[in-house]
Structures are given as C-alpha cells and as structure tokens.
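Below: the structure, in structure tokens.
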Amino acid sequence: MASVDEILQTLKTRSFGRRLYLFERLESTNSTADELARDGAPEGTVVVAEEQTLGRGRLGRRWLSEAKTGLYFSLILRPAIPPREAPVLSLAAAVALHQAMESLCGLKPDIKWPNDVLIRNRKCAGILLEMSSESDELKHLVLGIGVNVGHDRFPLELEGLATSLFLESGHLFAKESVMQSILESLEPLYDRFLSQGSCAILDSWIKRSSFAQGRRVVVELNGIRRSGVTWGVTGEGALQVKLETGGTEEFLSGDVVNWE
C-alpha cells in the first residue's frame with residue numbers, strides 16, 4: 001500500500017481518512033481503532049493493516065485476513081444519535097462498497113442483508129459495526145470494512161462462498177484506490193444520514209439489494225431458523241420477512257444463511 005502522504009494527496013474527503021494510521025500487522029483494526037477512539041481520536045480517523053491476526057466479522061466469525069491480498073480498515077465515527085439508530089450506518093457502508101465496486105471496478109455487486117457485499121452470490125466484502133455507549137448515550141462507533149482485493153484463490157472451506165475483485169474483474173486494483181473510493185462514497189452518505197435520517201440510506205440500500213423485497217430466504221437468529229420471503233426493511237434497518245408459517249417478523253440482527 002502507498003504511504004500515508006501519498007494517500008492523503010489524492011483522497012477527496014473532508015474528514016474521512018484525514019487522520020490515517022497504517023500498520024503492517026495488527027490483531028484487529030477494529031480493536032486498535034476502538035483504543036484510539038477511547039483516547040480521543042477524532043471522527044474520520046482510519047486504521048489500516050496489511051494483515052490481521054485476529055480479524056473478525058459479524059456474529060463472532062473469523063475474517064480471513066491474509067497479508068497483502070486484502071484490504072482491512074476501520075473508521076471512527078462520533079454521530080450525535082441514540083444507539084438504536086446506529087445499525088443503519090452499517091447499511092450505509094454496504095451502499096458505499098457497492099458504489100465503489102461499480103465505479104472503480106466496473107462490477108455488478110449485490111448486498112445481502114444486512115451488509116455482506118456479494119458478486120455472483122459469493123462474498124467479496126464484509127462490514128463490522130461496533131459501538132461504545134453508556135445508557136442511551138453513544139460514545140463512538142467503529143466501522144470495520146474488509147474487502148477481498150487481490151486473492152486468486154481461497155481455502156477449501158471458502159471455495160464457492162468467497163470471491164475477490166481480482167477474480168471477478170481480472171484486474172489487480174491498488175488497495176489504497178479501493179479504500180479511497182469507499183471513503184469518498186461513504187462520507188456523503190454519512191452526511192445525508194445526519195441531516196435527513198435513515199430514510200435516505202434505506203432508499204439507497206433497497207435500490208442496490210436484491211434481498212430487500214421478494215427474495216425467499218432462511219434467516220438464522222440465536223440458532224433458530226425462519227423461512228419466508230423478504231418484505232422490505234424498517235426505519236432502523238431491520239429485515240421484514242413474511243414467514244412460511246404465517247405472519248411477518250422483523251430481524252434487526254441475525255444472518256441470512258440460505259436464499260433463492
């Protein structure tokens with residue numbers, strides 16, 4: 001990856017990434033960003049690692065974080081919102097990833113609820129939003145993003161499930177260019193969220209996700225699976241599903257494990 005100075009020379013953002021930390025290896029960019037946030041790092045601070053030894057995704061899953069091939073970074077946010085509104089920002093990040101993959105890479109991604117970015121039904125990027133709050137007061141958020149950029153193969157257990165920008169496009173993109181494109185897409189979405197609320201983000205997410213409505217899915221929550229057809233998202237980003245057993249259920253957490 002390019003140096004901090006080289007990245008800042010071409011980065012077209014107001015605050016996102018303007019304070020930038022680059023590391024060869026970290027346990028987790030989210031953990032390091034959280035420490036910096038607790039020490040007072042300003043909103044927009046970004047932590048990047050060439051490799052993570054304990055990278056993690058949603059629901060406690062391990063995120064494959066091989067050296068050199070992937071993009072792993074975390075962004076500190078300090079929105080003046082109640083904690084219950086924070087999950088929508090992970091959907092905003094998914095929209096930014098979608099926009100970046102389209103504009104920079106010429107690809108046609110999809111967003112699996114809530115924030116996995118797929119290409120040809122294979123995961124190419126993931127998002128982990130972690131919150132620090134007390135009572136009903138939000139202290140800060142750490143938004144972690146992992147993108148499979150240069151992988152030319154995956155372990156056997158991920159074959160058929162994961163893909164990369166290189167495998168899908170045949171082009172090896174510079175990781176700093178991918179990160180810059182994501183940050184430049186995300187910052188105006190974040191501004192719209194702060195000024196207009198969640199509706200602006202949800203409208204953008206719905207336009208880019210085939211999972212928003214009319215998709216037959218299986219959602220797993222706390223080890224229990226529910227089958228049905230998606231029926232939109234709520235103002236807080238919960239997935240609405242018309243269940244096969246009757247009625248409609250809203251899922252604010254959980255995972256879509258099967259889909260048609």
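Start at 1 with the first residue, then count along the sequence.
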Where do L165 and C105 come nearest, in terms of heavy atoms and distance?
-> CD1-SG, 3.9 Å
Is a salt bridge present between R122 and E159, judged by a nitrogen-to-oxygen distance below 4.0 Å?
-> no
Rounded to the nearest 0.5 Å, what separation is found between the CG atom of L239 and the CZ atom of R215?
-> 11.5 Å
Search all heavy atoms of V88 against all heavy atoms of G235 and return the closest pair with its distance.
-> CG2-O, 3.7 Å
Should V178 and L143 be counted in the same cluster of Ile, Leu, Val, Met, Phe, Trp and Tyr side chains packed under 4.5 Å apart?
-> yes
For L129 and A86, the nearest pair of non-hydrogen atoms, with its separation, is CD2-O, 3.3 Å
Report yes if the side chains of T163 and N148 come closer than 4.5 Å at any heavy-atom pair, otherwise no.
-> no
Does atom CH2 of W231 have more than 12 heavy-atom neighbours, drawn from other residues, nucleotides or ligands, at distances under 6.0 Å?
-> no
Derivation and outcome, side chain to side chain contact (heavy atoms under 4.5 Å, CB included), residues D152 and S164 | CA-CA 7 Å; D152 59 4; S164 69; over 6 Å; no
Test side chain to side chain contact (heavy atoms under 4.5 Å, CB included) on D116 and F211 and set out the steps.
-> CA-CA 11 Å; D116 284 345; F211 288 78; over 6 Å; no
Pairwise distance CD(E35) to CZ(R38) - rounded to 0.5 angstrom = 9.0 Å
Rounded to the nearest 0.5 Å, the CD atom of E249 sits from the NZ atom of K242 at a distance of 14.5 Å
Given T45, T32, N30, the one that forms side chain to side chain donor-acceptor pair (under 3.5 Å) with S74 = N30
Same cluster for L8 and M179 if Ile/Leu/Val/Met/Phe/Trp/Tyr side chains link at under 4.5 Å?
-> yes
With salt bridge (Lys or Arg N to Asp or Glu O under 4.0 Å) as the test, would you mind laying out the steps for E43 and R18 before giving the verdict?
-> CA-CA 10 Å; E43 179 169 83; R18 288 295 160 188; over 6 Å; no
Ignoring hydrogens and angles, tell me if any N or O in the side chain of S181 forms a donor-acceptor pair with the backbone of S177 under 3.5 Å.
-> no
Less than 4.5 Å apart, any side-chain heavy atom of V256 and any of T230?
-> no
Note: K207-D203 ion pair, threshold 4.0 Å (strictly below) | no
Are the side chains of E130 and D34 in touch, meaning some heavy atoms are under 4.5 Å apart?
-> no
Ion pair check, K175 and E50, cut-off under 4.0 Å | yes
With a 4.5 Å heavy-atom cut-off, do R226 and F251 have their side chains touching?
-> yes
Straight-line distance of C199 SG to I206 CD1, nearest 0.5 Å = 9.0 Å
Does the side chain of Q240 come under 3.5 Å of the side chain of T248 through a donor N or O and an acceptor N or O?
-> no
Donor-acceptor pair, side chain of E187 and main chain of R14, under 3.5 angstrom = yes
Can you find a pair of side-chain heavy atoms, one from T29 and one from F73, that are under 4.5 Å apart?
-> no
Nearest-0.5 Å distance, CZ of residue F193 to CG of residue L77 = 10.0 Å
Minimum heavy-atom distance Q180-I7, with the two atoms named | NE2-O, 3.7 Å
How about L202 and L91: do any of their side-chain heavy atoms sit closer than 4.5 Å?
-> yes
Donor-acceptor contact present, side-chain S90 to main-chain P87, <3.5 Å = yes
In terms of the angle between their ring planes, are H151 and F154 parallel, tilted or perpendicular, with boundaries placed at 30° and 60°?
-> parallel
Can V142 be reached from L36 by stepping across I, L, V, M, F, W or Y side chains whose heavy atoms are under 4.5 Å apart?
-> no
Is it the case that one hydrophobic cluster holds both V149 and L161, taking links as side-chain heavy atoms less than 4.5 Å apart, direct or via other members?
-> no
Within a reach of under 6.0 Å around CZ of R78, are more than 12 heavy atoms found that belong to other residues, nucleotides or ligands?
-> yes
Considering all heavy atoms, the nearest L194-I81 contact = CD2-CG2, 4.5 Å
Distance in Å, L252 CG paired with T234 OG1, rounded so as to fall on 0.5 Å steps | 6.5 Å
Parallel, tilted or perpendicular: which fits the ring planes of Y190 and F16, with parallel below 30° and perpendicular above 60°?
-> tilted
Closest non-hydrogen contact found for A92 with L189 is O-CD1, 3.6 Å
May I ask you to check whether T53 and R25 show a side-chain donor-acceptor distance below 3.5 Å?
-> no
If two hydrophobic side chains count as joined below 4.5 Å and joins carry through other members, does V241 share a cluster with I111?
-> yes
Do the side chain of W205 and the main chain of W113 share a donor and acceptor less than 3.5 angstrom apart?
-> no
Is any side-chain heavy atom of L138 closer than 4.5 Å to a side-chain heavy atom of E85?
-> no
Hey, does the side chain of N258 reach the backbone of V218 with a donor-acceptor pair shorter than 3.5 angstrom?
-> no
Check against side chain to side chain contact (heavy atoms under 4.5 Å, CB included), Y21 and L26 | CA-CA 11 Å; Y21 296 87; L26 288 175; over 6 Å; no
Close side-chain approach of E176 to T10, heavy-atom, < 4.5 Å | no
Pair up each side-chain donor or acceptor in residues 93-103 with any protein partner under 3.5 Å, not counting sequence neighbours, and list the distances.
residue: H98; atom: NE2; partner: P109; partner atom: O; Å: 3.1
residue: S103; atom: OG; partner: Q99; partner atom: O; Å: 2.9

